[in-house]
Structures are given as structure tokens and as C-alpha cells.
Number of protein chains: 2
Amino acid sequence: MSTPPISRRARPSKAPLSRDVIVRTGLDILDRDGLDALTMRRVAKALDTGPASLYVYVAHREDLLAAMLDESLARVPLSSEGTWREQLHALAAATVEALGRHEGLAVVALGAIPTGSNALLVVDRMLALLKEGGLDDTTAAWAVDLLYLHIAAAGVEQSAYNTQDASEESTIAKAKDRYANLPGDRYPMVTSMRQALFAPGDRDAWGLRVLINGIIGTPAE
Amino acid sequence: MSTPPISRRARPSKAPLSRDVIVRTGLDILDRDGLDALTMRRVAKALDTGPASLYVYVAHREDLLAAMLDESLARVPLSSEGTWREQLHALAAATVEALGRHEGLAVVALGAIPTGSNALLVVDRMLALLKEGGLDDTTAAWAVDLLYLHIAAAGVEQSAYNTQDASEESTIAKAKDRYANLPGDRYPMVTSMRQALFAPGDRDAWGLRVLINGIIGTPAE
DNA sequence: CTAGGAAACGAACACCGTTCGTGTCAAACA
DNA sequence: TGTTTGACACGAACGGTGTTCGTTTCCTAG
């Protein structure tokens with residue numbers, strides 16, 4: 001194709017590139033088409049440019065993902081009403097939900113020590129609430145570690161569940177099937193408790209209650 | 001190159017392909033060179049064949065990873081000594097360690113309902129121990145959910161820590177640095193508790209104690 | 001000894017992340 | 001005002017990737 005080099009002056013004033021618009025565009029694509037679709041080329045095309053241009057603002061794809069993670073953590077409400085327990089529960093639940101809303105982002109948070117500025121705000125708030133609950137420094141530090149790990153993991157789970165290809169058979173239905181046809185002698189408990197395993201209920205809230213109860217009742221060392 | 005088509009008869013009796021040898025070769029490569037090195041081409045080359053040949057036994061790369069995950073779960077000792085609590089703790093810790101030994105494998109376990117035959121054995125044993133502890137069906141079911149989630153997440157963390165490129169500066173040291181230079185007014189707790197946050201200690205064991213204590217003290221619904 | 005079917009394979013497709021060198025433009029300086 | 005400069009944008013390419021297709025090879029069953 002012989003596209004003559006159009007002066008950018010002539011074009012209808014393209015919005016300038018910046019780290020922020022790249023991150024936001026990335027989140028758009030992620031939400032619309034999933035993690036596999038989030039390629040540097042795709043982001044570049046959405047911004048009407050080539051992939052090379054992105055590398056001025058972003059070191060590599062992982063860097064972009066980390067920035068997207070922190071951006072999506074910006075929307076977590078840091079304070080709420082109630083006792084410190086209720087506030088901690090609400091904060092954790094909100095963070096899980098923020099992570100769960102974008103497929104694959106929570107995985108980025110999982111292996112790493114929180115470092116983004118918004119992630120650190122969440123951690124800071126958590127520590128404050130734990131201290132308000134009367135925990136000593138060591139227990140509070142370990143607790144925030146454990147909570148953050150759980151939050152990231154729960155976020156992964158939630159996003160995996162949210163992002164079910166409507167086209168293919170539900171993952172849960174498949175698993176149910178598999179559990180139903182298991183040899184009862186090799187897996188006696190799984191087989192006999194099949195019903196309870198798949199029964200509905202608010203497991204997320206229960207999990208957070210378990211963690212908080214356990215933290216309160218288990219001083220470090 | 002004019003390599004004349006050598007009849008396989010003439011070759012020194014290449015070991016035949018099979019799902020098992022592919023999975024084992026995959027684990028070898030993963031342990032030796034990391035997740036990024038685990039490409040279909042690399043596995044094929046290690047087996048002295050082309051990538052296309054693998055697809056007879058393996059549906060796609062993810063399928064291979066899932067098979068590798070279950071294979072590495074085969075080595076988890078399912079029973080030990082002590083009270084049901086101690087046994088549950090040991091089982092969970094052993095599973096975390098098995099997952100943590102192979103970089104990136106735990107991530108595969110994270111989003112999914114356990115379905116592999118070895119994963120199911122672990123789940124079955126956990127359910128048995130929880131029932132031995134006197135929990136009702138619903139609580140035991142939710143507890144195994146929560147424990148499995150934690151185990152997978154802890155495995156990811158451990159493998160991320162194990163797989164530190166010896167070449168580059170330790171991730172922990174970098175985080176310590178970042179925490180040291182944080183604005184104290186924006187992150188008061190993180191800043192003031194910096195010491196406790198990075199202090200050593202057996203956080204993994206504490207985390208499991210927290211979970212088990214919490215489970216015992218938090219009946220479902 | 002032959003026919004059939006499963007396994008292995010070579011080549012290719014459509015992408016990917018990332019880098020390099022060149023071009024362009026707006027602000028800073030003379 | 002004219003010129004320099006340096007940051008940004010971009011086209012093209014490199015060296016890979018997972019996966020598929022059509023063909024060839026080989027073992028086994030008749």
C-alpha cells in the first residue's frame with residue numbers, strides 16, 4: 001500500500017500518548033476481550049499507533065499489567081462504617097472484588113510484594129485496622145501478609161468465575177459431572193460429600209470471617 | 001541440508017512417545033530452566049521430535065501444564081502421625097511445598113476446581129481429617145475450598161521466592177528499599193511498622209494455624 | 001503378504017514481545 | 001527570527017511462539 005506520509009498536523013488531532021491512556025486502554029481491552037487479547041499490538045492499534053511507540057511509557061508487558069493492577073486498585077473504598085472488624089472485612093471484600101473484575105490481573109498481585117501506590121494504601125489501611133483491634137506489631141504484620149495473599153487468590157478465583165466463556169459449558173457443571181463419576185472406593189469422602197461440596201452459600205464472606213477469627217485467636221510465634 | 005530420510009529402524013531405538021514421558025520431560029525442563037523455557041518446541045526437542053508430535057498426547061500447552069501439576073501432586077504424602085489437626089497441617093504444608101517446588105505450576109491450580117486424580121486424593125484426605133475433627137458437612141466442604149485456595153496461593157508465593165534469578169538483585173531487597181523511601185504522611189502504618197513487616201519468622205506455619213483455628217471457630221452459615 | 005489405521009513429522013500460518021534506526025515536530029536558544 | 005536539539009513516534013524487522021494441515025512412515029491384524 002502506498003499510504004503517503006500524512007503529517008500529524010493534518011490528522012484530526014490525535015490524543016497524545018501517555019502512560020495513563022495506555023493503562024486505561026489496556027484495562028478497556030482486558031475487560032472487553034480478556035487477557036489473551038491484551039497484546040501490545042492490540043493496545044497500540046486501539047491508540048492508532050504501532051507497538052514500538054508504547055515502549056516509551058512502558059518497560060514491557062508485565063510492567064503494563066502491574067500498572068493496570070494498581071490502577072484498578074485505585075477504586076477500592078478505603079474506609080467504611082462499623083467496628084474495626086467490619087471495616088476490615090469490607091475493605092478485604094472490596095479489594096477482592098476490584099481484583100476479580102479484571103481477568104488475570106489478580107495473578108500479577110499474587111507472587112509479588114505490594115509495591116504500587118494504591119496497593120500500599122490498602123495495606124496501610126489494613127494495618128491501621130489491625131492495630132485498632134489491639135494486635136501487636138508482629139501479628140499485625142503477618143496478618144496483613146496472609147490477608148493480602150488470600151485477597152489476591154480470591155480475586156483470581158472470582159475473575160476466573162466471572163470470565164466464563166458463555167459459549168462453552170460451565171466449568172462448574174463439568175466438575176460436577178466429574179465428581180459424580182468418581183470411583184467411590186478411591187475417593188470416599190469426595191463422593192459422599194459431593195452434595196455439600198457444590199452447595200451454594202456465601203463462601204467468600206465465610207472465608208474472610210475465618211481468617212479474621214483465626215488472626216485474632218492466633219498470636220504470632 | 002540433504003539429510004537423507006533415515007529409517008527409524010536404523011536409529012538406536014528411540015524411546016516411544018507417550019503422555020507420561022512428555023509430562024515428565026516437561027517437569028524436567030520446568031525445574032531446570034523455568035516456566036518461560038517450557039515451550040512445546042523445547043519439550044519436543046528434548047524428546048528428539050517435532051512439536052506437532054506432542055499434540056497426539058496433549059491437547060494444548062495448558063493441558064500439559066495441568067498434567068504436570070497433577071504429576072507433581074503425586075509425591076505428596078497423604079498420611080502422617082499425630083492428631084487430626086497436626087495431620088491436616090502436615091498435609092497442607094506438604095502440598096504447598098510440592099507446588100512451590102516447580103515454578104509457575106501452582107498458578108494452574110489456582111483458578112480451577114481440583115480435578116486431577118492426585119489433587120482429588122489430597123482433597124479427599126483433607127475432608128476425612130476435617131470430619132475426624134467433628135465438623136459438619138457444610139463447614140468441612142467450605143473449609144476444604146478455603147484451604148485449597150490458600151495452599152495454591154502459598155505455593156505460588158513459595159515458587160516465586162524459590163525461583164529468584166540469582167543474577168538480579170533480590171526482590172525482597174528491592175521492596176525493602178521502596179518501603180524505606182515511602183512518604184510517611186501518606187503511608188504512616190507501613191512506614192512505622194516497616195521493621196515488623198520484613199522481620200523473619202515462620203509465617204507459613206502461622207498462616208496454616210490461623211486457618212485451622214479459624215475454621216474450627218467459625219461454623220458455616 | 002497385504003491392507004488399514006495410528007502415530008510421527010515437515011512445513012507452514014498467524015501471531016507474539018521487543019529492538020533498532022530513522023523520521024518528525026515543538027520548544028529552547030542564539 | 002532562524003537554528004539547534006532532544007524527546008517522541010513509528011516502520012520494519014528479528015527471533016521466537018502455539019497450533020494445524022497434509023503427508024509419510026510404520027506396526028499390526030487379517
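Scope of the values below: all heavy atoms of this structure, side chains included, with no hydrogens, waters or symmetry mates. Nothing here was measured: the structure is a model prediction, and the numbers come from that model. Chain identifiers are assigned alphabetically (A, B, ...) following the order of the sequence lines, protein sequences preceding nucleic acid strands; residue numbering begins at 1 within each chain.
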For the pair made of CG in Asp36(A) and C1' in dT17(D), what is the distance, rounded to whole Å?
13 Å
Contacts satisfying side chain to side chain donor-acceptor pair (under 3.5 Å) that involve residues 24-43 of chain B (not counting sequence neighbours) are Asp31(B)-His102(B), Asp33(B)-Arg42(B)
Leu105(A) vs Val107(A) side-chain heavy atoms within contact, under 4.5 Å:
no
Check whether any side-chain nitrogen or oxygen of Ser53(A) sits under 4.0 Å from OP1 or OP2 of dC10(D), and answer yes or no.
yes
Taking only residues two or more places apart in sequence or in another chain, which ones pass side chain to side chain contact (heavy atoms under 4.5 Å, CB included) with Asp124(B)?
Tyr187(A), Pro188(A), Met189(A), Val190(A)
Base versus backbone protein contacts along nucleotides 17-23 of chain C [heavy-atom cut-off under 4.0 Å; B, S, -]
BBBB---
Look at Tyr57(A) and dA9(D) and indicate whether a side-chain polar atom (N or O) is within less than 4.0 Å of OP1 or OP2.
yes
Strictly by salt bridge (Lys or Arg N to Asp or Glu O under 4.0 Å), give each pair with a member in residues 177-199 of chain B just once, sequence neighbours left out.
none
Just how far, in rounded Å, is P of dC16(C) from CG of Leu54(A)?
13 Å
Rounding to a whole Å, what distance do you find between Leu35(B):CG and dT17(D):P?
13 Å
ring-ring contact (aromatic ring centres under 6.0 Å, His included) partners of Tyr57(B), counting only residues at least two apart
none
Residue pairs passing the salt bridge (Lys or Arg N to Asp or Glu O under 4.0 Å) test where at least one lies in residues 91-118 of chain A, sequence neighbours excluded:
Glu97(A)-Arg101(A)
